Amino acid sequence: MALLALSGAGFACNQGIDPLIPAATEPAYRGRLFTVQTSGMTTAQGVATALSGAAGTVAAPGLVIGVSEVVGTGVVVGLFLRGRD
């Protein structure tokens, strides 16, 4: 449960990034940038869900969920550390 909460909190980090985007982007490109950002996140989530579902058909679902949470937590921590540089 702790890994699920921590990896899910990574999505909340997006709320802190959204205000930075307009400041770093020319006004003419802001709409496109948000569209690409949202499309990319949605696509990545869909692919991850499909891969997890496929993995769950050949491995124990609990194992797939646990591995997914460890990977998700690793990504969140990695991005956090990268952002501090």
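On a predicted model such as this, the values are computed, not experimentally measured, just so you know. Along the sequence shown, residues carry numbers from 1.
When the shell of 6.0 Å around CZ of F34 is examined, it contains more than 12 heavy atoms from other residues, nucleotides or ligands.
Side-chain heavy atoms closer than 4.5 Å link hydrophobic residues (I, L, V, M, F, W, Y) into clusters, and following such links, possibly through other members, connects V77 to F80.
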Enumerate, atom names and distances included, each donor-acceptor pair closer than 3.5 Å involving a side-chain atom of residues 44-65, sequence neighbours excluded.
residue : atom : partner : partner atom : Å
T49     : OG1  : Q45     : O            : 2.8
S52     : OG   : A48     : O            : 2.9
T57     : OG1  : A54     : O            : 2.6

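Atoms CD and CZ, on Q37 and R32 in that order, are 16.0 Å from each other to the nearest 0.5 Å.
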